[in-house]
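Here the structure comes first, spelled out in structure tokens, and everything after it is commentary.
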Amino acid sequence: MSKDCEVLIVGAGIGGLTLALSLHRAGISCRIFEVVTEIKPLGAGVNLLPHAVRVLDGLGLLDELAAVGVTTQESIFFDKYGKFVLSEPAGRAAGYGWPQFSIHRGDLHDILFRTVIERLGDDAIVLDSRCVRVDHDTDGATVHFRSEDGSSFQARASIAIGCDGVHSVIRKQLYPDEGAPRFSGVNMWRGVTSMKPFLTGASMVRVGWIPVGKMVIYPIRNNIDAEGNQLINWVAETESDTPVERDWSRAGRLEDFFSYFNDRRFDWLDVAGMIEKTEPILEYPMVDQDPIPRWTFGRVTLLGDAAHPMLPRGSNGAGQAILDVACLTEKLIEYGVSERALNEYDRIRVKATTDVVLLNRVAPPDTILKEVHERTGGKPFERIEDVITRDELLEISNRYKSVAGFKVEDLQRSA
Ligand SMILES: Cc1cc2nc3c(=O)[nH]c(=O)nc-3n(C[C@H](O)[C@H](O)[C@H](O)COP(=O)(O)OP(=O)(O)OC[C@H]3O[C@@H](n4cnc5c(N)ncnc54)[C@H](O)[C@@H]3O)c2cc1C
């Protein structure tokens, strides 16, 4: 069987589409195969931190992201009573060379999808292609697909990259004995709703801690109507005995979690009112998987959630997939489209993302709120300085930035 191109990408999600743009820019031919038969704007909000935005800027996407998403100005923490704990500037306001964007996953996906079609052509993405297996030999990789009508086909290239997300078929093939995802004891309810801007109009807010209900709230689209409303994204987390199904589109019910949040009507935001008017509500489990020792097997490797599914607690799910792309492209340029390049990528990114997966379990940025909750016993406080110093809070935040690869001093623009 002859080769269709140099690189086969399995999955047209955030990682797969970004990889296609990056390879195209490097002059490496590729094709993407995606299971869905139609692309729809699915999901809710995601955050792109400056380390990921730098890569997307390198692909010429900065202006479009700024036009569609919200340029985040601050990351701010409150206790469950709505009392201020800490505010930190975000993106350029914090001295980074690149902004932070809060954006609807559907909008981000749409930008990437349209740009792939514009730059690589209509036939760069093959829909209705469910990967069922991949084979590889010394010369290349062959991916086997099935269409919805039951027919089968194959594609061959020098290498194949599994960007097929949290239910990755390629990961299952490489690690057939891997157990079920690891449940953190928390389920999440998510939604987006139209509201007037709150705080700076570009604030990413975290409120409360998990035993008493934790929330993350941020705007993801500006000026969505003539009244100047924004689209606001929220996530509510509570302790649960069992994980719900790991399905990004699973519907959730208000009555399953609202009792934790129904008294949260603060002067800076009516949180309870925001939840009440949201339709639909989605539900997702807080799960991850133990890091695996390697992703590369011969001419096949993994990228993004297929490689390192992580707890969504540090705004790094999409970001680490994008950093994988940057590293993989660099190695393919350096060593050619070869096993050597995949092994070098593996050597660097397995270690880097393993650290993030493990830190997300024990000390993500919202550990700030855990610390406050534990020190106050969940009781109201008068002054945060009497509970914890600003330096202690910043130490938690800075440790996460260092491990996840977005220390401000590492992300300056050269003049
Ligand atoms: C529908 C959906 C909604 C999401 N909503 C959110 C959200 O609201 N907030 C958030 O933080 N993250 C969300 N995510 C996850 C987020 O996109 C990823 O965590 C992150 O961007 C890493 O991207 P990825 O490319 O590795 O995975 P994904 O973006 O999940 O992409 C994986 C792609 O692979 C495709 N695929 C899966 N199996 C196969 C197969 N066998 N053959 C071919 N293609 C296959 C999937 O259809 C998908 O397009 C969502 C993902 C999906 C698929």
Side-chain angles (χ1 to χ4, degrees), residues 8-22 31-49 52 56 102-110 112-113 116 125-134 143-148 152-153 155 160-173 188-192 216 218 220 231 233-235 246-250 252 280-284 286-289 295 301-325 328 349 353 356-357 360:
L8 294 180
I9 299 173
V10 178
I14 305 303
L17 292 168
T18 308
L19 179 61
L21 293 174
S22 184
R31 254 182 134 190
I32 310 183
F33 294 82
E34 163 62 44
V35 63
V36 302
T37 53
E38 192 190 345
I39 298 291
K40 294 187 193 144
L42 296 172
V46 294
N47 261 279
L48 295 172
L49 298 169
L56 298 175
S102 300
I103 189 166
H104 196 294
R105 182 193 179 269
D107 291 341
L108 172 62
H109 192 263
D110 180 59
L112 296 169
F113 185 81
V116 169
I125 305 174
V126 188
L127 298 179
D128 193 10
S129 311
R130 177 180 295 281
C131 167
V132 289
R133 199 181 84 235
V134 56
V143 185
H144 302 259
F145 298 99
R146 193 169 307 132
S147 304
E148 245 185 25
S152 300
F153 64 99
I161 318 294
C163 307
D164 47 345
V166 290
H167 299 291
S168 173
V169 163
I170 298 185
R171 179 178 174 123
K172 272 193 203 101
Q173 182 185 330
M188 299 179 284
W189 288 264
R190 309 177 295 137
V192 294
V216 184
Y218 51 86
I220 54 175
L231 193 65
N233 177 81
W234 59 262
V235 183
R246 194 161 55 156
D247 170 2
W248 287 112
S249 302
R250 180 192 161 88
I281 291 172
L282 302 172
E283 192 176 7
Y284 197 79
M286 186 76 92
V287 289
D288 67 1
Q289 284 164 234
W295 308 335
T301 197
L302 302 170
L303 184 147
D305 281 356
H308 44 71
M310 59 181 64
L311 299 178
R313 289 180 64 190
S315 309
N316 257 285
Q320 293 298 327
I322 292 167
L323 297 192
D324 292 344
V325 167
L328 178 56
R349 292 301 296 162
T353 56
V356 182
V357 170
N360 273 6

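In each ligand, atom 1 is the first atom listed, and ligand 1 is the first ligand listed.
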Numbering the atoms of ligand 1 from 1, which are under 4.0 Å from a heavy atom of A44? 7 (C), 8 (O)

Might you point out which heavy atoms bring A160 and V134 nearest each other, and give the distance in Å? CB-CG2, 4.2 Å

Counting heavy atoms under 4.0 Å, the part of F145 that contacts ligand 1 is neither

Whether S168 side chain and D164 backbone form a donor-acceptor pair below 3.5 Å: no

Would you say the side chain of M286 lies within less than 4.5 Å of the side chain of P312, judging by non-hydrogen atoms? yes

Based purely on interatomic distance, does R130 place a nitrogen or oxygen under 3.5 Å from a nitrogen or oxygen of ligand 1? no

Identify every side-chain donor-acceptor pair in residues 32-41 under 3.5 Å, counting partners at least two apart or on other chains, and give the distances.
from: E34; atom 1: OE1; to: A12; atom 2: N; distance (Å): 2.7
from: E34; atom 1: OE2; to: V36; atom 2: N; distance (Å): 3.1

F33 heavy atoms within 4.0 Å reach ligand 1 at atoms 43 (C), 44 (N)

When you compare the side chain of I161 with that of V10, does any pair of heavy atoms fall below 4.5 Å? no

Looking only at heavy atoms, is any part of V46 under 4.0 Å from ligand 1, and if so is it the side chain, the backbone, or both, or is it neither? side chain

Can you list the steps and then say if R171 with Q289 is a side-chain contact (heavy atoms from CB on, under 4.5 Å)? CA-CA 11 Å; R171 179 178 174 123; Q289 284 164 234; 3.3 Å; yes

Students should be able to answer this: which protein heavy-atom is nearest to atom 31 (O) of ligand 1, and at what distance? G13 CA, 3.2 Å

Is it the case that D305 and H167 place a side-chain donor and acceptor less than 3.5 Å from each other? no

Treating R31 as the side-chain partner and I125 as the backbone partner, does any N or O pair qualify as donor plus acceptor under 3.5 Å? no

Min heavy-atom dist P312 to ligand 1 below 4.0 Å: no

Identity and distance of the protein heavy atom lying nearest atom 15 (C) of ligand 1: W248 CZ2, 3.2 Å

So for ligand 1, is V35 a polar contact partner (N or O within less than 3.5 Å, distance only)? yes

Any heavy atom of R190 sitting closer than 4.0 Å to ligand 1? yes

For C163 and L19 the tightest heavy-atom approach is SG-CD2, 4.2 Å

At what distance is the nearest protein heavy atom to atom 26 (O) of ligand 1, and which residue and atom is it? D305 N, 2.8 Å

Among G317, A307, A52, G45, closest by any non-hydrogen atom to atom 9 (N) of ligand 1: G45

Nearest to atom 29 (O) of ligand 1 by heavy atom, R105, K172, M188: which? R105

For R246, look at atom CZ and say whether over 12 heavy atoms of other residues, nucleotides or ligands are found less than 6.0 Å away. yes

For ligand 1, does C163 get within less than 4.0 Å through its side chain, its backbone, both, or neither, judged by non-hydrogen atoms? backbone

Decide yes or no on side-chain contact (heavy atoms from CB on, under 4.5 Å) for S102 and N233, but give the supporting numbers first. CA-CA 9 Å; S102 300; N233 177 81; over 6 Å; no

Give me the nearest non-hydrogen protein atom to atom 39 (C) of ligand 1 as residue plus atom name, then the distance to 0.1 Å. D164 CB, 3.7 Å

For ligand 1, which atoms, with element, lie under 4.0 Å from some heavy atom of G304? 26 (O)

Could you tell me whether S168 approaches ligand 1 through its side chain, its backbone, both or neither, with non-hydrogen atoms closer than 4.0 Å? neither

N/O to N/O below 3.5 Å, does that happen between V169 and ligand 1? no

Non-hydrogen side-chain atoms of L112 and L108 separated by less than 4.5 Å: yes

Looking at ligand 1, does any of its N/O atoms fall within less than 3.5 Å of an N/O of G15? yes

Any side-chain heavy atom of W189 within less than 4.5 Å of one from Y284? no

Going by the 4.0 angstrom heavy-atom rule, the piece of H109 near ligand 1 is neither

Which heavy atom of the protein is the closest neighbour of atom 48 (C) of ligand 1, given with residue, atom name and distance? E34 OE1, 3.5 Å

If we number the atoms of ligand 1 from 1 as shown, the ones under 4.0 Å from a heavy atom of S129 are 42 (N), 43 (C)

With sequence neighbours left out, which residue pairs that include part of residues 309-322 fulfil the side chain to side chain donor-acceptor pair (under 3.5 Å) condition? H51-N316, R313-D366, N316-Q320, N316-Y400, Q320-R349

Of all the heavy-atom pairs spanning A318 and L48, show the shortest one and how long it is. CB-CD2, 4.2 Å

Identify, for atom 27 (O) of ligand 1, the protein heavy atom at the shortest distance, and state residue, atom and that distance. G165 CA, 3.9 Å

Answer side chain, backbone, both or neither: which part of S249 comes under 4.0 Å from ligand 1, heavy atoms only. neither

Which atoms from ligand 1 have a heavy atom of L42 less than 4.0 Å away? 1 (C)

Below 3.5 angstrom, do we get any N/O pair linking C131 and ligand 1? yes

